[in-house]
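So that the names make sense, note that chain A is the first sequence line, chain B the second, and so on, each numbered from 1.
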Protein chains: 2
Amino acid sequence: MTVPTGRRERKKAATRKKIADAALRLFLDRGYDAVGIRDVAAEADVAVTTLFSHFASKEALVFEQDEGFEQRLTRAVADRAPHEPLIPALRREILALVRHCTAESAAPVWHMIEGSRSLREYEESMRLRHAESLAAALAAAPDLSQSTTVRRTIARFVIDAYALAREAADPDGAVDEIFRMIEAAWEVACHPA
Amino acid sequence: MTVPTGRRERKKAATRKKIADAALRLFLDRGYDAVGIRDVAAEADVAVTTLFSHFASKEALVFEQDEGFEQRLTRAVADRAPHEPLIPALRREILALVRHCTAESAAPVWHMIEGSRSLREYEESMRLRHAESLAAALAAAPDLSQSTTVRRTIARFVIDAYALAREAADPDGAVDEIFRMIEAAWEVACHPA
DNA sequence: ACCGTAACACTAACGGTTAGTGTTTCGGAA
DNA sequence: TTCCGAAACACTAACCGTTAGTGTTACGGT
């Protein structure tokens with residue numbers, strides 16, 4: 001029951017990283033769809049079952065370090081300065097995330113994702129999960145008292161902004177444009193007719 | 001090259017319907033995940049390859065008559081009365097679609113969809129396609145001259161309204177609530193600061 | 001020193017999907 | 001009417017992601 005801080009954990013993390021590294025190497029080299037799970041397992045020198053004990057699916061190998069996404073959004077809501085308005089805080093965070101994804105170094109991975117139908121679909125459903133998490137965070141914020149529908153709507157709109165801005169020709173400008181619309185939607189939801 | 005209007009087409013349509021009916025019967029009876037493609041093919045008395053020549057995937061068997069969804073939305077944009085404002089027209093159409101899906105008769109199918117992860121994910125990616133179609137329809141409308149980003153954003157918001165209202169406790173009220181927000185977003189996009 | 005457990009391996013399969021290869025059946029042109 | 005080409009359909013056999021079942025190590029705590 002004590003917190004295990006030993007070699008076992010390090011070994012596990014090392015195995016996980018070895019698998020993820022092998023996968024990314026093969027995927028970028030030969031293309032995602034052209035590489036099989038058995039190839040990845042062989043390259044990482046690991047059994048197929050071991051691979052699946054570290055990653056829930058083939059797609060999850062690509063979105064490995066994505067855990068931070070949900071946390072960044074929920075914290076942008078929960079940890080914002082007292083009385084700081086909600087939408088600008090979210091706008092700032094989304095802008096940072098969009099810039100992170102459209103950075104030069106992320107281009108090959110992003111290109112790979114766009115090239116595979118299953119990866120795109122996986123990311124879509126990830127985004128829905130993120131939207132639900134954000135809606136939950138909005139419900140937990142003490143200074144916001146909207147209806148469930150309004151919370152879920154705003155959460156979806158914010159996630160949409162992320163997805164749309166990333167694909168836009170001018171991502172920064174798109175964030176501005178979309179968040180102006182979200183701001184208006186939020187205002188009208190706060191002050192019902 | 002002439003329009004084929006013969007027995008062949010009727011036979012094809014009959015086979016397609018036979019497969020879809022067999023599938024729905026088995027799915028509702030035993031549960032979607034408990035029924036295999038080979039079961040459906042056997043029940044419809046067709047080969048597995050024949051089944052896949054009519055339906056692209058197992059999930060597509062469930063969303064058979066969904067082709068109308070895209071058309072209804074794009075037509076709501078293109079065929080609306082001259083000078084009729086956009087958002088109310090879309091609101092009306094979404095409301096009708098939501099009511100259609102939450103009708104009593106659709107309950108078993110809807111319940112089945114909610115019960116299967118793969119069906120839910122399939123529907124999500126269907127909705128993205130619908131949003132893209134709607135964005136294209138907005139681009140084709142002569143009386144609307146917004147940026148690409150604005151069009152895609154509004155399209156997503158409208159599809160979100162459909163998804164969210166369907167899951168809400170009070171679907172009709174949710175459509176009202178969300179479209180008030182969409183209207184505000186649209187207004188601010190039409191009249192930039 | 002020892003026990004429980006978590007990580008890992010191996011085989012074998014399951015279920016959706018597709019390639020490859022015919023075979024039938026129909027619509028339209030000769 | 002006859003025949004050709006195409007489309008629908010069938011069948012086998014496999015591919016690929018994923019999982020169940022069954023061990024076998026290797027480590028942490030007692």
Side-chain angles (χ1 to χ4, degrees), chain A residues 1-23 26-27 30-64 112 116-123 125, chain B residues 1-20 22-23 26-27 30-64 112 115-123 125:
Chain A
M1 282 304 159
T2 53
V3 180
T5 65
R7 183 167 3 192
R8 196 129 85 185
E9 280 203 328
R10 262 176 283 131
K11 276 201 171 180
K12 175 165 185 172
T15 301
R16 182 187 168 89
K17 182 162 171 42
K18 188 170 62 172
I19 295 171
D21 288 351
L26 291 183
F27 289 162
R30 301 187 212 161
Y32 178 79
D33 292 312
V35 175
I37 283 289
R38 291 160 179 90
D39 299 331
V40 176
E43 174 86 4
D45 196 26
V46 167
V48 172
T49 46
T50 300
L51 187 155
F52 276 108
S53 76
H54 285 272
F55 297 92
S57 67
K58 185 186 180 186
E59 293 88 30
L61 287 166
V62 174
F63 296 95
E64 195 219 354
M112 176 182 81
S116 159
R117 169 187 300 265
S118 63
L119 284 177
R120 284 197 309 265
E121 292 187 354
Y122 185 84
E123 215 222 330
S125 69
Chain B
M1 278 306 155
T2 54
V3 180
T5 64
R7 183 168 357 186
R8 196 126 86 184
E9 280 203 327
R10 263 176 282 129
K11 275 201 171 181
K12 175 165 186 172
T15 300
R16 182 188 168 89
K17 181 160 172 45
K18 189 170 63 172
I19 295 170
L26 291 183
F27 289 162
R30 302 187 212 160
Y32 179 78
D33 293 313
V35 175
I37 282 289
R38 291 158 180 92
D39 299 331
V40 176
E43 174 87 3
D45 197 28
V46 269
V48 172
T49 47
T50 300
L51 187 155
F52 276 108
S53 76
H54 285 272
F55 298 92
S57 66
K58 187 186 180 186
E59 293 88 32
L61 287 166
V62 174
F63 296 95
E64 195 221 352
M112 176 182 81
S116 158
R117 170 188 302 267
S118 63
L119 284 177
R120 283 196 310 266
E121 293 186 353
Y122 185 84
E123 216 222 328
S125 68

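Annotation for A22(B) and V40(B): closest pair CB-O, 4.4 Å, computed over non-hydrogen atoms.
Nearest-nucleotide assignment on DNA chain D puts the 5′-proximal partner with K12(B), out of T49(B) and K12(B).
Of the residues in residues 38-48 of chain A, those lying under 4.0 Å from DNA chain C by heavy-atom distance are R38(A), D45(A), V46(A), A47(A).
For a distance-only test at 3.5 Å, the side chain of T15(B) fails to qualify as a donor-acceptor partner of the base of dC9(D).
Judged by the 6.0 Å distance and 45° axis criteria, K58(B) is positioned over the aromatic ring of Y32(B). Note that R16(A) lies in the cation-pi zone of F55(A), set by a 6.0 Å cut-off to the ring centre and a 45° limit from the axis.
OP1 or OP2 of dC26(C) sits under 4.0 Å from a side-chain N or O of K11(B). Checking the phosphate oxygens (OP1, OP2) of dA9(C), a side-chain nitrogen or oxygen of T50(A) falls inside 4.0 Å. In this structure, H54(B) reaches the dC9(D) phosphate: one of its side-chain N or O atoms is under 4.0 Å from OP1 or OP2.
In this structure, D21(A) places its CG atom where more than 12 heavy-atom neighbours from other residues, nucleotides or ligands lie under 6.0 Å away. Atom CG of D45(B) sits in a sparse spot, with 12 or fewer heavy atoms from other residues, nucleotides or ligands closer than 6.0 Å.
To the nearest angstrom, P of dC26(C) lies 14 Å from CD of E9(B). Note: CZ (F55(A)) to C1' (dG17(D)) measures 16 Å, nearest angstrom. Regarding F52(A), its CZ atom lies at a distance of 14 Å from the C1' atom of dC14(C), rounded to whole Å. For D33(B) and dG16(C), the CG to C1' distance is 12 Å, given to the nearest whole Å. Rounded to an integer number of Å, the gap from CD of E59(B) to P of dG16(C) is 9 Å. What separates CZ of R117(B) from P of dG17(D) is a distance of 19 Å, to the nearest Å. For the pair I37(A) CD1 and dT19(D) P, the interatomic distance rounds to 10 Å; values are reported in whole Å. The separation between L51(B) atom CG and dT17(C) atom P is 9 Å, rounded to whole Å.
Listed for the T15(A) side chain is a donor-acceptor partner under 3.5 Å among the backbone atoms of K11(A).
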For H54(A) and K12(A), run side chain to side chain contact (heavy atoms under 4.5 Å, CB included): C-alpha distance rounded to whole Å, both residues' side-chain angles, the deciding distance at 0.1 Å, then the answer.
CA-CA 9 Å; H54(A) 285 272; K12(A) 175 165 185 172; 3.6 Å; yes

